[in-house]
Amino acid sequence: MYRINKGTIIYAGRYNTEKAAQALESGLADMVGFGRPFIANPDLPSRIQNDYPLAAHDPATLFGGNEKGLLDYPSYQAD
């Protein structure tokens, strides 16, 4: 693949582990950013590395409005 841009290309927006891996392996992206998955999974790198399930985020907690929020999402606990 011929690249005109000599800088780092970071993709973000509704990526999951599989789509991110495809973008990286194909050379389409150098890095992939995760927004909502990181909010709901404070241990996201560990979850991806160990193939642990991802928790879904609660849209009601994204921008405040009540007592629940970012710090209420737990790290993954294996059974």
task: Could you tell me the separation between the CG atom of L28 and the OH atom of Y11, rounded to the nearest 0.5 Å?
output: 3.5 Å

query: How long is the span from the CZ atom in F38 to the CG atom in L54, to the nearest 0.5 Å?
result: 11.0 Å

field: side chain to side chain donor-acceptor pair (under 3.5 Å) pairs, two or more places apart, involving residues 39-54
entry: N41-R47, D43-R47, S46-N50

- prompt: Which residue pairs pass the side chain to side chain donor-acceptor pair (under 3.5 Å) test with at least one member in residues 14-23, sequence neighbours excluded?
  reply: none

query: Taking all atoms of both residues into account, what is the closest heavy-atom pair of L24 and A29, and its distance?
result: CD2-O, 3.6 Å

message: Can you give me the closest heavy-atom contact between G7 and D30, atom names plus distance?
response: O-OD2, 3.6 Å

